[in-house]
Number of protein chains: 2
Amino acid sequence: MSVAPPRPKGPPLNAMRAFEAAARHCSFVAAGEELNVTPGAVSQHVKTLETWSGVSLFQRNAQGVELTAAGRSLLKDFSDAFDAIAVATHSLRNLSPDADVHIAALPSIAQLWLPTRLGKIRGHFPDLNFSVTALETPPSLTRDLFDLSVFFGVPDDSLNQIVLAPDEVFPVCSPKLAKQIAKGQKLDSFALLHDQTWHDDWATWSKNSGIPLEDPESGPRYSLYSLAVEEAKAGAGILLGHTCLLEEALAAGTLVPVFDKSYSSGRSLILSLPHASRRRAEINDIGKLLQL
Amino acid sequence: MSVAPPRPKGPPLNAMRAFEAAARHCSFVAAGEELNVTPGAVSQHVKTLETWSGVSLFQRNAQGVELTAAGRSLLKDFSDAFDAIAVATHSLRNLSPDADVHIAALPSIAQLWLPTRLGKIRGHFPDLNFSVTALETPPSLTRDLFDLSVFFGVPDDSLNQIVLAPDEVFPVCSPKLAKQIAKGQKLDSFALLHDQTWHDDWATWSKNSGIPLEDPESGPRYSLYSLAVEEAKAGAGILLGHTCLLEEALAAGTLVPVFDKSYSSGRSLILSLPHASRRRAEINDIGKLLQL
DNA sequence: TTTCTTGGCGTAGAAAAACTAAGGCTATTC
DNA sequence: GAATAGCCTTAGTTTTTCTACGCCAAGAAA
């Protein structure tokens, strides 16, 4: 009963954040990606929180984690809390007068679609700094601090989304290869170039077009679409082109369509705006400029 | 426009917590006390947040800080966010099946009033562990993780408060001194013993009783009331007694009242319960036992 | 079967954050 | 007009947090 034990410290906020992300994804790896740390760090955070509270939050299985009943019951409160944190964070960031405009985009979009538009936009807003972050998966615009995001996806009814263009898909290759195909050579005899992230593109194209392919999964894979584009330009094989990503190459004639017809991938190029943003006016103007 | 800059890290949560506390108190020192860190730590946290956001949050003056307009506009969002965090934290803690019952109390109460009651309560709940934290100021039961708090204060209308006893004040001393006073010796001729935290007790008592004191602020000061009690027992002077803190000494006769009459300090001994708590039933039972 | 892939755990060392202690500044007090 | 008391900052150290890397188990592919 001795007096003046140290006032108990507050809860470990970073551990709570890690738990919230892990619980939402039901995966330490995914949580680590979201938070930009290694899965080990998430693991430690979760353990910290479990120790601190004395409650077991996850059941560790060999092929993934599973929330315990206790953990499941907490997810809503934790998500609400970090939503509130995100609101506060946005309020804070929106006060900053001279911060960059942060754009998130798929790597391929950032490399092949954005630059030309951004050049134009820079002309309209010479005082603004732009920073572009390439992300494999679209960020949560409520949680993360981006002012714009450009990704492929299926538009939903939510506001703050602008459909920029449908995603049209068609085979392309270097002019030299195109001539050989025009002479009757089969598609199969060339290498099919793949992007890591869209590995089933050729299979769906084959189904849509009715043109059979012996093995739509064969051929070199590239981690970045732009690498595949360069290879295609060099004549390494045939690439499935996405309209909006090849504007430049098609205009320059370094790549040509193999056939006339293109097919929709079912997705669209979508521009998303956060619900509330600083520089509302500018961001909206930028959005309009991107639509052209 | 290079690809793959690191995904921007989330906001510094601990810095946000420090800012919230500092903004609420308009003082780095007070915030440090609440968070149990030095003012320097708070200062750094705030600076971190200012740097991170690029917004100036506080105006540093020589005799204290002042929120800037920006800072003021953020306080509500931040407080809401950390309220939500507190809710989540409570949910988490309430799941813990075998945690201690945490009691917060004024040091004097923890030392002089609680022990006898706690002994009784332990008898009723032999399976429960109790931990007592002595605090100069009552904790926020919504923010902090206490199951009970016992402090002097003015009861407000909020529920979850139980008035245990009015705080009655009267001079006490050792029996030996009491005899000398009975023989007509003036109060002033003895040392007035003070508790650090209630430094104006003697002055208000003098006003209430109409008994003049030459210098009600003079005399030794003790950082803990229980020290003053021990000194009074040893005959070092006259102490202003609080009924509930001297039960034992009065019963044992080691201290005796100098006069018959006692005066209310205007405060009461108040038991507070958090809105929602784990072990609701037990905590309520404990509350009832404390009322006896 | 064997092999490969995926996801999580543990540990050691490196990197980053947080904390304390001492110092400086400004107003107030004697 | 020095001394005092508040309050904040700075420098340096302690503590935490993160990563890298090896390990293990379970499911998928060969």
Side-chain angles (χ1 to χ4, degrees), chain A residues 6-52 56-68 71 136 196-197 199 215 217-218 221 223, chain B residues 6-53 56-68 71 136 196 199 215 217-218 221 223:
Chain A
R7 188 169 192 138
K9 285 236 174 180
L13 295 178
N14 291 315
M16 291 174 78
R17 168 161 60 185
F19 164 72
E20 196 268 344
R24 197 151 25 81
H25 292 118
C26 257
S27 152
F28 289 2
V29 175
E33 251 151 55
E34 174 175 318
L35 302 173
N36 231 17
V37 293
T38 54
V42 177
S43 170
Q44 283 176 317
H45 273 310
V46 171
K47 195 183 300 175
T48 302
L49 196 63
E50 288 181 321
T51 309
W52 181 81
S56 178
L57 268 8
F58 281 102
Q59 201 191 100
R60 274 82 166 173
N61 304 323
Q63 73 284 20
V65 288
E66 203 178 326
L67 277 168
T68 61
E136 290 297 335
Q196 199 82 279
T197 50
H199 51 88
D215 181 4
E217 297 277 344
S218 74
R221 315 185 98 70
S223 64
Chain B
R7 189 173 190 133
K9 285 237 176 181
L13 295 178
N14 292 317
M16 291 174 77
R17 167 161 59 185
F19 164 71
E20 195 268 346
R24 198 153 21 81
H25 292 120
C26 257
S27 152
F28 289 4
V29 174
E33 251 151 54
E34 174 176 315
L35 302 173
N36 230 20
V37 294
T38 54
V42 177
S43 169
Q44 286 194 149
H45 274 309
V46 171
K47 196 185 299 177
T48 301
L49 197 63
E50 288 181 320
T51 308
W52 181 80
S53 66
S56 177
L57 267 9
F58 281 101
Q59 198 189 108
R60 275 80 166 175
N61 302 323
Q63 73 282 22
V65 287
E66 202 178 325
L67 276 168
T68 61
E136 291 295 336
Q196 199 83 276
H199 57 272
D215 181 5
E217 296 277 346
S218 75
R221 316 185 97 71
S223 64

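Chain naming here is simple, since letters A, B, ... match the order of the sequence lines and numbering starts at 1 in each. Small disclaimer: the values here were computed from a predicted structure and weren't measured.
Rounded to whole Å, atom C1' of D:dT9 lies 15 Å from atom CZ of B:Phe58. In this structure, the CG atom of B:Leu13 is 18 Å from the P atom of D:dT16, given to the nearest Å. Counting to the nearest Å, the C1' atom of D:dA25 and the CD atom of A:Gln59 are 15 Å from each other. The nearest whole Å value for the distance from the CD atom in A:Glu66 to the P atom in D:dA25 is 20 Å.
Put simply, CG on B:Leu57 and CD on B:Glu50 are 5.0 Å apart, with the number rounded to the nearest 0.5 Å.
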Would you tabulate the side-chain donor-acceptor contacts of residues 38-48 of chain A under 3.5 Å, counting partners in other chains and residues two or more places apart, or write 'none'?
unit_1, atom_1, unit_2, atom_2, d
A:Thr48, OG1, A:Gln44, O, 2.8

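Within the structure, a side-chain polar atom (N or O) of B:Arg60 is placed less than 4.0 Å from OP1 or OP2 of D:dT9. Under 4.0 angstrom from either OP1 or OP2 of D:dT10 there lies at least one side-chain N or O belonging to B:Lys47. Contact check, B:Ser43 against D:dT9: a side-chain N or O comes under 4.0 Å of OP1 or OP2.
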Starting at the 5' end of nucleotides 11-30 of chain C, put B wherever the base has a protein heavy atom under 4.0 Å, S where only the sugar-phosphate does, and a dash everywhere else. -------SBB-----S----
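Taking each heavy atom of B:Pro12 and B:Leu49 in turn, the nearest pair found is CG-CD1, 4.0 Å.
By the side-chain hydrogen bond (donor to acceptor under 3.5 Å, both in side chains) test, B:Glu66 is found to be paired with B:Asn61, residues two or more places apart in sequence or in another chain being considered. Partners of B:Ala23 according to the side-chain contact (heavy atoms from CB on, under 4.5 Å) rule, which considers only residues two or more places apart in sequence or in another chain, are B:Phe19, B:Phe58, B:Leu67, B:Leu75.
Among residue pairs with one or both ends in residues 13-22 of chain B, those qualifying as salt bridge (Lys or Arg N to Asp or Glu O under 4.0 Å) are B:Glu20-B:Arg24, B:Glu20-B:Arg143; sequence neighbours excluded.
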